[in-house]
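Contents: one structure, followed by commentary.
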Amino acid sequence: MELKLNRPICFFDLETTGIEVAKDRIVEISVFKVFPNGNRESKTWLVNPEMPIPTQASAVHGITNERVANEPTFKELAPQVFQMMKDSDLAGFNSDRFDIPLLAEELLRAGVDFDMKNRVSVDVQTIFHKMEERTLSAAYKFYCEKSLDNAHSAEADTMATFEILQAQLDRYPDLQNDIKALSEFTTRKKAADFAGFIAFDQNGDEIFTFGKHKGVKVEKVFEDEPGYFGWVQSADFPLYTKKVLTGIKLRKLNNKLF
C-alpha cells in the first residue's frame, strides 16, 4: 500500500560507535525520502566519527576505523543531511528511542538547530511490537516474505523499514494510512525531550523525571533553585535535553517581561 502523504517523509537508519546517545557517534547514515507525489530519493554516507570504533560495534555493522578514516566527519556532512530532512517527517525502526535522539545530538553538535516541533515521527518497530513482537529481520520475513540480507547495513535496514511499513498498512485495515496518526500510534510515552528526562504532567506542563526534583514542574524548580539550570547545562546530559530546558527558561523569562 502506498503511503498517503501531505509532506515528504524520510526513512533513515544509523550505524554508530555504540548506544549511548550523548556520547556515541554516527559511522553511517542512510536516508530514503518519499514525496507526496510518489517521487523518491536516497542517499547513504559513511562518516568519520572522530573517535575509535569499538571492536564490538564493528562486529555488528562491519564498519571499521580503516574504512572511515578518509570519510567526511558528521560536521562536514550535517548541512547535506539537514537539507534532505528539513522539510520532512521522520521514520525508522526503533527511531524514537535511538536514531532520532542520536541524530539530534550530532546535528546540534555540528551547529544545526534541529528540533521536532513542526514534524512528526513514525517508529515502525513500535507498530511491529504492538502487533507481532519481533526483530527487524523477523519483521521483514513476516511482512514482506523476504530474507534481510546485509542486516545492520544502514542502507539495507532503511529500505527494509520502508517496505515493512507499506506491508503493515496492507495487513492491518485498522492502521490508518496517515503519518500523524501513525506517529501517535507509535509514540510510547510523551516526553519533552528525546531522552525522557522531561515529561508532561496531566496539565501539559513540563516536569522532571529524575533526581531530587522528580515529578516537579521544571518552571517551579528554576524559580525555587535558580542554580539547578546551570548544573544541568554543565552536566553530562544530551544536548537536546539542554536545548529544551533553555527554551523553558526563556519562555518563563518572557512571560515575566510581558
Side-chain angles (χ1 to χ4, degrees), residues 1-16 26-47 61 63 71-72 74 76-96 98-100 102-104 106-107 112 114-116 118-128 131 135-173 175-187:
M1 181 183 294
E2 291 298 321
L3 298 178
K4 294 179 181 177
L5 302 175
N6 295 317
R7 61 183 299 180
I9 184 168
C10 283
F11 291 77
F12 79 102
D13 185 70
L14 308 177
E15 302 302 337
T16 66
I26 295 170
V27 297
E28 186 180 34
I29 177 171
S30 185
V31 183
F32 179 63
K33 187 171 184 177
V34 185
F35 294 85
N37 64 4
N39 288 346
R40 302 170 182 183
E41 65 176 271
S42 63
K43 181 69 177 178
T44 300
W45 297 271
L46 281 172
V47 185
H61 50 57
I63 300 171
E71 298 295 338
F74 190 82
E76 293 171 320
L77 290 171
Q80 298 177 56
V81 175
F82 183 68
Q83 181 66 30
M84 191 170 184
M85 291 179 149
K86 68 179 183 179
D87 62 343
S88 306
D89 294 323
L90 302 179
F93 200 88
N94 193 33
S95 51
D96 281 357
F98 181 71
D99 296 84
I100 293 176
L102 200 150
L103 176 66
E106 288 276 43
L107 286 169
V112 178
F114 174 86
D115 62 48
M116 292 292 292
N118 297 314
R119 68 177 93 214
V120 298
S121 64
V122 177
D123 193 330
V124 175
Q125 185 192 62
T126 302
I127 296 174
F128 186 38
M131 300 296 190
T135 62
L136 176 59
S137 295
Y140 197 54
K141 183 72 173 177
F142 182 85
Y143 288 110
C144 303
E145 299 182 355
K146 301 177 184 177
S147 295
L148 180 54
D149 298 325
N150 299 321
H152 295 296
S153 155
E155 184 173 10
D157 289 356
T158 296
M159 297 305 297
T161 301
F162 169 67
E163 290 183 45
I164 289 168
L165 180 56
Q166 289 183 306
Q168 286 171 331
L169 289 167
D170 286 329
R171 179 175 288 267
Y172 307 117
L175 202 59
Q176 190 174 347
N177 190 349
D178 174 82
I179 296 302
K180 185 175 181 180
L182 290 171
S183 175
E184 292 173 355
F185 185 79
T186 60
T187 299

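These values consider heavy atoms only, across backbone and side chains, with no hydrogens, waters or symmetry-generated copies. Treat the numbers as computed from the prediction; the structure is a model and nothing was measured.
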task: Evaluate the ring planes of Y143 and F128, with Trp represented by its six-membered ring, and classify them as parallel (under 30°), tilted (30 to 60°) or perpendicular (over 60°).
output: perpendicular

query: Between T186, L165, L182, which is the residue that forms a side chain to side chain contact (heavy atoms under 4.5 Å, CB included) with V124?
result: L165

- prompt: Minimum heavy-atom separation for P36 to L5, with atom names?
  reply: CB-O, 3.5 Å

query: Under a 4.5 Å cut-off applied to non-hydrogen side-chain atoms, are I29 and T44 in contact?
result: no

statement: Between the CD atom in E28 and the CG atom in D157, the distance rounded to the nearest 0.5 Å is 9.0 Å

query: CG of L14 to NE2 of H61: how many Å apart, nearest 0.5 Å?
result: 10.5 Å

query: Do the side chain of D99 and the main chain of D13 share a donor and acceptor less than 3.5 angstrom apart?
result: no

field: L169 versus Q176, closest heavy-atom pair with distance
entry: CD2-O, 4.0 Å

- request: Report yes or no: does N177 contribute a side-chain atom to a donor-acceptor pair with the main-chain N or O of K4 at less than 3.5 Å?
  value: yes

- prompt: Do V31 and W45 have side-chain heavy atoms sitting under 4.5 Å apart?
  reply: yes

message: Using a 3.5 Å distance criterion without hydrogens, assess whether the side chain of S95 forms a donor-acceptor pair with backbone atoms of A91.
response: no

- prompt: Rounded to the nearest 0.5 Å, what separation is found between the NZ atom of K43 and the CD atom of E155?
  reply: 10.5 Å

message: Using side-chain heavy atoms (C-beta onward) and a distance below 4.5 Å, is F142 in contact with R171?
response: yes

- request: Check whether any side-chain heavy atom of T16 sits under 4.5 Å from a side-chain heavy atom of F98, and report yes or no.
  value: yes

- line: In short, Y140 meets I164 closest at the heavy-atom pair N-CD1, 3.7 Å

- request: Determine whether E41 and K33 make a side-chain contact, defined as any pair of heavy atoms from C-beta on separated by less than 4.5 Å.
  value: yes

field: Verdict with reasoning, R7 to D89, per salt bridge (Lys or Arg N to Asp or Glu O under 4.0 Å)
entry: CA-CA 7 Å; R7 61 183 299 180; D89 294 323; 3.7 Å; yes

- prompt: Between K146 and E163, is any pair of side-chain heavy atoms under 4.5 Å apart?
  reply: yes

query: Would you call E2-R40 a salt bridge at under 4.0 Å N-O?
result: yes

